[in-house]
Amino acid sequence: MAVLLAVAFVSGCGEEPGFTATLTDPVNVDLRWPDDDPAAAGRIVEYTTDPHGEYTILQFLPPRQTTYRHPDLMPETRFYYRIRPFYGTVSDAVTVSGSATPAAAGPAVSLRTGDRSAAPASFRAEPAPEEMVRFSWTDRSSDEDGFLVEIKKPGAAEFVPIEVSDPGTTSAGLATMPGEEGASYRLRAFYYGPASPVLDLVSGKDG
């Protein structure tokens, strides 16, 4: 039986008025939020156990996903959660072949303008040793917070984020998993939106 705990708004920043946290059993938390931002490329779920410390990213999620489970929590511990939308432009999709989308000459462009010319160019996915894929690209944005490699597995309807790289980088590597043969990849230069209010709850006893 699910147990809904009262949640506290620790911070008033951002929006997301429908953001909720539910302790579904003593050590599993379900987070929910409305799909109310059609411009968002997705959302980031973050947590901390120190309200004055740094947040840890749990997951980058695709745009239509509105739930996330944080499993196997430390018992009898207070957790703080927030979510943030992210935005940005995305490259053309490629498969693991070594071919690349062409790069266009010109100065770096701000992602905040929504200009497609800020999207990464010359995006390439190449096979690498030990069942790895090596990605490389040309950075054409001037103010990204990072880059997201997104995958669309064979038969899947949408791309989902799988790998994040720091701003200013132009390469990344990723181990392939079963079922990803023939997948398509694309790269998004992204920036963060405002953080939601913070929700806090205490996990229960384990066992």
Side-chain angles (χ1 to χ4, degrees), residues 28 31 40-48 54-73 81-106 108-111 115-193:
N28 292 289
L31 305 174
R43 284 182 171 83
I44 305 148
V45 180
E46 301 174 302
Y47 87 99
T48 185
E54 294 186 2
Y55 278 77
T56 297
I57 293 175
L58 287 169
Q59 192 76 42
F60 282 80
L61 301 174
R64 304 283 74 86
Q65 185 167 335
T66 59
T67 63
Y68 181 82
R69 168 165 284 194
H70 190 195
D72 304 323
L73 305 181
Y81 294 96
R82 71 184 188 188
I83 57 175
R84 286 191 284 174
F86 63 89
Y87 307 89
T89 56
V90 70
S91 73
D92 293 332
V94 300
T95 56
V96 181
S97 63
S99 61
T101 56
V109 177
S110 170
L111 287 173
D115 192 328
R116 277 286 305 161
S117 63
S122 299
F123 181 49
R124 184 187 301 265
E126 300 177 284
E130 299 182 359
E131 299 184 344
M132 297 283 293
V133 179
R134 185 70 177 173
F135 303 100
S136 60
W137 60 88
T138 299
D139 180 3
R140 298 195 300 176
S141 52
S142 61
D143 54 0
E144 74 273 358
D145 288 324
F147 295 94
L148 279 176
V149 176
E150 301 177 350
I151 188 173
K152 184 178 180 183
K153 297 180 183 180
E158 303 290 344
F159 282 87
V160 295
I162 55 168
E163 180 74 5
V164 61
S165 294
D166 292 334
T169 55
T170 56
S171 64
L174 185 67
T176 56
M177 303 297 290
E180 293 180 355
E181 299 84 359
S184 296
Y185 299 91
R186 66 187 187 184
L187 184 75
R188 184 181 302 277
F190 75 91
Y191 64 95
Y192 296 112

Original post:
Hey, mind stepping through Leu111 and Tyr87 against side chain to side chain contact (heavy atoms under 4.5 Å, CB included) and telling me if it holds?
Top reply: CA-CA 8 Å; Leu111 287 173; Tyr87 307 89; over 6 Å; no

**OP:** Quick one: do Val90 and Phe190 satisfy side chain to side chain contact (heavy atoms under 4.5 Å, CB included)? Show the steps, please.
**Re:** CA-CA 8 Å; Val90 70; Phe190 75 91; over 6 Å; no

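Contacts of Arg134 classified as salt bridge (Lys or Arg N to Asp or Glu O under 4.0 Å), with partners at least two apart in sequence or in another chain: none. Residues satisfying the side chain to side chain donor-acceptor pair (under 3.5 Å) criterion with Arg69, sequence neighbours excluded, are Thr24, Asp30. Every side chain to side chain donor-acceptor pair (under 3.5 Å) that Ser117 has, sequence neighbours left out, goes to Asp115. For Ser110, the side chain to side chain donor-acceptor pair (under 3.5 Å) partners are Asp143, not counting sequence neighbours. By the side chain to side chain donor-acceptor pair (under 3.5 Å) test, Tyr81 pairs with His70, sequence neighbours left out.
Note: Phe135 CZ to Ser171 OG = 11.0 Å, rounded to the nearest 0.5 Å. Rounded to the nearest 0.5 angstrom, Gln65 CD and Thr67 OG1 are separated by 5.5 Å. Ser122 contributes atom OG, which lies 11.5 Å from atom CG of Leu187 (distance to the nearest 0.5 angstrom).
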Under 3.5 Å, which donor-acceptor pairs link side chains of residues 54-63 to any protein atom two or more places apart or in another chain?
none

Can you give me every donor-acceptor pair (side chain of residues 146-168, partner residue at least two apart or in another chain, under 3.5 Å) with its distance?
from	atom 1	to	atom 2	distance (Å)
Glu150	OE1	Arg186	NE	2.7
Glu150	OE1	Arg186	NH2	3.1
Glu150	OE2	Arg188	NE	2.8

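For Met132, the CE atom is densely surrounded, since the number of other residues' heavy atoms within 6.0 Å is greater than 12.
Considering only heavy atoms from C-beta on, Arg124 stays 4.5 Å or farther from Val96 through its side chain.
Listed here is the closest heavy atom pair of Asn28 and Pro71: OD1-CA, 3.0 Å. Residues Arg82 and Glu46 approach most closely at NE-OE1, 2.7 Å, considering heavy atoms. Taking all atoms of both residues into account, the shortest heavy-atom contact from Phe86 to Ile44 is CD2-CG1, 3.7 Å. Across every non-hydrogen atom of Ser141 and Glu144, the tightest pair is OG-OE1, 2.7 Å.
For residues 168-180, no pair satisfies salt bridge (charged side-chain N to carboxylate O under 4.0 Å, His left out), with sequence neighbours left out.
Judged by distance alone, the side chain of Thr176 and the main-chain N or O of Glu131 form a donor-acceptor pair under 3.5 Å.
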